Amino acid sequence: MNYWLFKTEPSECSIDDFARAPTTPIVWEGVRNYQARNFLRDGVVVGDQVLIYHSSCKDIGVAGIAEVVRAAYADPSQFDPRSPYYDAKSSPQQPRWVAVDLRFVNKLPRLITLDKIKSSAKMAELPVAQKGSRLSVMPVTIQQWRDLLALQ
DNA sequence: GCCAACGTTGGC
DNA sequence: GCCAACGTTGGC
């Protein structure tokens, strides 16, 4: 089993949206960065645990936990011309982007703020703690996972 | 809203 | 293959 951190803008989809419909699979689509895509495609497997991180918003930080219920498959939004994630250069024969499905596990009682993450020396290697990092899907070691949740 | 940092594109 | 220009991300 692996551990990950996925970024999301809560104005688009937040931990509260997931909590509201806890049995509905969460389609994690729209990843349009090659490094993040490669993690999704080559690393993410069913059963993996995922930290849900809120970015580009007022309250930035880790908001909850989800679990992978479906490994990588062709992201349907890349073929939909009306989608903001549409990619004209992708084809069903040779899909460029992948999606995975998650299920809601829990919402943390309190957000683990980016401030707190940055102030922990143990989190220095976590891309999210580093200035300028734009990686939206990143691996987390078991130790980082434990240390991070211990920051609550 | 600003802007630094980053990833991608395209001309050469 | 280089790199300038550009668009985007994301914290502040």
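This is a predicted model, so every value here is computed, not measured. Chain identifiers are assigned alphabetically (A, B, ...) following the order of the sequence lines, protein sequences preceding nucleic acid strands; residue numbering begins at 1 within each chain.
- Within the 4.0 angstrom heavy-atom criterion, no nucleotide atom of any strand lies near A:Lys58.
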Short heteroatom pairs, N/O only, protein and nucleotides 4-9 of chain C, under 3.5 Å:
{"unit_1": "C:dT8", "atom_1": "O2", "unit_2": "A:Arg134", "atom_2": "NH1", "d": "3.1"}
{"unit_1": "C:dT8", "atom_1": "O2", "unit_2": "A:Arg134", "atom_2": "NH2", "d": "2.8"}
{"unit_1": "C:dT9", "atom_1": "O4'", "unit_2": "A:Arg134", "atom_2": "NE", "d": "3.4"}
{"unit_1": "C:dT9", "atom_1": "O4'", "unit_2": "A:Arg134", "atom_2": "NH2", "d": "3.3"}

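- With DNA chain B read from its 5' end, the first of the two nearest nucleotides for A:Asn33 and A:Lys89 is the one closest to A:Asn33.
- Of the charged side-chain nitrogens involved, none lies within less than 4.0 Å of a carboxylate oxygen, so that A:Lys89 and A:Asp87 do not count as a salt-bridged pair.
- Within 6.0 Å of the CD atom in A:Glu125, the count of heavy atoms belonging to other residues, nucleotides or ligands does not exceed 12.
- Protein atom CG of A:Leu114 is 8 Å distant from nucleotide atom C1' of C:dG11, rounded to whole Å.
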Dump the intermediate steps for ring pair (Phe, Tyr, Trp, His ring centres under 6.0 Å) on A:Trp97 and A:Tyr73, then the final yes or no. CA-CA 8 Å; A:Trp97 307 109; A:Tyr73 58 97; over 10 Å; no
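- Inter-residue side-chain proximity for A:Tyr53 and A:Ser136 is flagged as unmet; no heavy-atom pair is nearer than 4.5 Å.
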What verdict does the salt bridge (Lys or Arg N to Asp or Glu O under 4.0 Å) test give for A:Arg37 and A:Asp75, after you've listed the backbone C-alpha separation in whole Å, the side-chain angles of each residue and the deciding distance to 0.1 Å? CA-CA 10 Å; A:Arg37 189 276 313 264; A:Asp75 179 346; over 6 Å; no
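- In this structure, A:Ile65 CD1 and A:Leu102 CG are separated by 12.5 Å, a value rounded to the nearest 0.5 Å.
- We find that NE2 of A:His54 is positioned 12 Å from P of C:dG11, with the value rounded to whole Å.
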